[in-house]
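A quick write-up on the structure given underneath.
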Amino acid sequence: MPETIRIHADAAPGTHSVVGACPHDCPDTCSLITTVQDGVAVKVQGNPNHPQTDGVLCTKVARYTERTYHPERLLQPLRRSGPKGSGQFTPVSWDEALADIAQRLQSIVADPQRGPQAVLPYSYAGTMGWVQGEAMADRFFNRMGASLLERTICASAGSTAMGATLGGQVGMRVEFFAESKLIIIWGSNPIGSNLHFWRYAQAAKRNGAKLICIDPRKTETAEKCHEHIALRPGTDAALALALMQQLIVHDWLDHDYIARHTLGWQALRERALQWTPERAAVVCGIPVAQIESLARGYGASVASREPAAIRLNYGMQRARGGGNAVRAVACLPALIGAWRHRAGGMLLSASGTHVFDESALSRPDLRAAGPSRSVNMSTIGDELQRPASASFGPQIDALIVYNSNPVAVAPDSGKVVQGFGREDLFTVVLEHFQTDTADYADYILPATTQLEHWDVHTTYGHTDILLNRPAIAPVGKACTNTDIFRALAQAMGYSEPCFADDDLALCQMAFDARVDFAQLLEHGFVSLSLPEAPFAEGGFATPSGKCEFFSARLAASNGDGLPDYLPNYEPADANSSYPLAMISPPARNFMNSTFANVKSLRAIEGEPLLEISAADAATRRIESGDMVRVFNGRGQYHCKASVSPRARQGVVNGLGVWWRKLGPKGTNVNEVTGQQLTDMGRAPTFYDCAVEVEKSPSLE
Ligand SMILES: Nc1nc2c(c(=O)[nH]1)N[C@H]1C(S)=C(S)[C@@H](COP(=O)(O)OP(=O)(O)OC[C@H]3O[C@@H](n4cnc5c(=O)[nH]c(N)nc54)[C@H](O)[C@@H]3O)O[C@H]1N2
Ligand SMILES: Nc1nc2c(c(=O)[nH]1)N[C@H]1C(S)=C(S)[C@@H](COP(=O)(O)OP(=O)(O)OC[C@H]3O[C@@H](n4cnc5c(=O)[nH]c(N)nc54)[C@H](O)[C@@H]3O)O[C@H]1N2
Ligand code: SF4
Ligand SMILES: [Mo]
């Protein structure tokens, strides 16, 4: 098998190209080409042969070599040498580090008062690769019998809602948005966070499609759409119900599709009829006429048969009623029969297109004592401070963090920092850099980046499968996540043969026969053969086989089983102490907290910013460039104000997610976000957060 693939016929002499995949938590999962010269990666580009990538990368990953060879890259294992959280470490050998970690874990596992459930893995999608993600780590923690982690921090409200409504994380094929005639971009900022979708939307626009953006913030995307509906955060379900009301009263409905392929129409109809545009306009803080016109445009596709599509994304899910909001929106395409067209319907995530047997990688059968307790990653601040009890089980005494930076990204950072700061907590962090989380480690273990290891990727924004080949040798003494867990398994005395599987074997073993692995090795990507219009004839993967407006499963656990509007936990009333609603969507040049330490990207972002409307700034005597204090009962953070038309009145936008230690006074936006969970999926409510803002007295 060739170690590399020569793609560019014009590659300079002495260089070669290696095909890989972007590892980041981005729906686009681009195919990468890394140019290597004398063992050094000199350039990372988009693969022109991969249609979804089309030769284009975002600014962040186009600068990947800057991150890989960053002067602060972790190059050797480190052991804590100062107080917890001080960030003081001294180098140790791998052998010493692994032996001591294994010994510390063994003593917890063997202690009858504590046992394996006192150990918690903490990880998310620093890499989305299946191999460097959970494969070997899962095997290790399953064999140990450690606590399970509920991986809720991003998408679980929406995935639960989609499962209940359409039967899974499935929807339109992204490329067919190019043929849509109306595209509603709802709670999504594709120019910032889903660039390759935006190309399809642009193509549709050139073909005469109308683009409408529904977002409290006037994003780069909203600016480029024909219309922007700036509703108040967390009110999307009210808007969707009012759209249904209009579709009903004007009879813009596909009665045949509703009758044959949906469940619960009469009950939903009754609920929706209570949502006049006037009522929704008050809740959403938008004009009645805007709701009516949106409904007219959407409903027109019933008669014209011109496809209408919704690109739904994560923005609306991060509030109390996030699951219900997704369900309400997910009902709309069935009402107008949009699913009949390949360019109609909706897409939230394509991750449910399974060709994968995850258990072959994670090996839950290794868990000898059966299922463990689960700990929710979104409430890690509280979980780390919970004492042992009959209902909780043992206190969490050891934490192994990989592919995540919880001290920066988890809500209610004050609590998270207190938890990580526990002197008696044993923490190991596998990382590329000394992040805010790594500062709290007892051991930091240097991990390889995507340019240095094998992996395979499925995606959530398109439906191809990608392979990542290592382009260069590991930098410094960095090891792959898989090697670190293999070595820990050995040091713990776990001798099952599965701990000897190498990375290439892991890449291959989980795919079923629908994936031609030889082709994947040769080209770096394969496309699956999938239906063009998945629900043209119904066939939803719900218990009834229909689009479930009414879900019996949800009725058993969640309200009356019909989508409803649930007001935010923190509605930010004008008369309350915290009268501003804060949302904290990503800064375009960071990927969550990743890249915040890459100088050239940080230079583009400048510094932590709070966008505030002219009206809200004026009453607080705030001007652009002023340092401000953003605060509520949970905490405060300091940043620079930008008086900006991007912010609507009553809502401030605290762009995320900076490393705390790179922000003024060592705080970031999650200092004020809370740990309450969504209506479905036990997900965080980052964008359901009331605050007050004032000029920062000490920094004026
Ligand atoms: N450049 C970049 N790209 C990224 C990321 C990144 O950090 N940086 N993160 C990646 C990850 S992990 C994810 S999950 C996705 C997230 O990307 P998206 O799915 O686009 O989600 P967000 O950026 O959280 O929110 C999208 C938009 O929703 C808006 N919004 C906030 N609250 C509401 C609301 O209540 N209703 C509505 N309708 N809109 C609302 C926000 O202002 C934002 O513009 O992007 C991925 N891509
Ligand atoms: N206020 C606010 N907070 C948010 C959000 C928001 O919109 N607003 N968004 C939320 C969302 S959607 C998400 S998904 C979470 C994301 O939160 P996280 O999943 O924690 O994502 P990152 O901040 O990108 O941190 C990933 C870390 O993994 C490391 N890493 C990458 N690849 C590897 C590898 O191969 N091996 C090892 N060992 N480490 C690796 C990176 O260096 C990086 O430090 O943040 C959430 N937090
Ligand atoms: S972050 Fe997204 S757009 Fe950028 S290279 Fe990776 S997959 Fe492509
Ligand atoms: Mo996410």
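Every value quoted in this text rests on a predicted model; they were computed, and no experiment measured them. Below, all heavy atoms of this structure are taken into account, side chains as well, without hydrogens, waters or symmetry copies. Start at 1 and go down the list; that is how both ligands and their atoms are numbered.
Geometric assessment of R629 against the ring of Y637 yields a negative cation-pi assignment under the 6.0 Å and 45° thresholds. The cationic group of R139 does not satisfy the cation-pi geometry with F485, failing either the under 6.0 Å distance to the six-membered ring centre or the 45° limit from the ring axis.
Residues satisfying the side-chain hydrogen bond (donor to acceptor under 3.5 Å, both in side chains) criterion with T459, sequence neighbours excluded, are absent altogether. Residues passing the salt bridge (Lys or Arg N to Asp or Glu O under 4.0 Å) test with K661, sequence neighbours excluded: D439.
Salt bridge present: R199 and D54 bring a charged side-chain N and a carboxylate O closer than 4.0 Å. Looking at K218 and E611, no side-chain N of the basic residue comes within less than 4.0 Å of a carboxylate O on the acidic one, giving no salt bridge.
Under 2.8 Å from atom 8 (Fe) of ligand 3, one finds the following protein N/O/S atoms: C30 SG.
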For this session: Please assess H50 against H196 for the test ring pair (Phe, Tyr, Trp, His ring centres under 6.0 Å), listing each intermediate value before the final yes or no.
Result: CA-CA 12 Å; H50 180 233; H196 293 75; 8.7 Å; no
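The two atoms that bring C154 and Y314 nearest to each other are O-CD2, 4.0 Å, heavy atoms only. Pairing each heavy atom of T53 with each of S31, the nearest pair is OG1-N, 2.8 Å.
Listed by chain and number, residues touching ligand 2 at under 4.0 Å (heavy atoms only) are D25, R67, Y124, A125, G126, T127, I153, C154, R318, N403, S404, N405, V409, L430, E431, H432, T435, A447, T448, H453, N481, S584, M591, N592, S593, T594, V657, V669, N670, F686, Y687.
Checking F590, Y124, Y64, Y460 one by one against H24, the ring pair (Phe, Tyr, Trp, His ring centres under 6.0 Å) holds for a single residue, Y64.
Those atoms of ligand 3 that come under 4.0 Å of a heavy atom in M591, given as number and element, are 1 (S).
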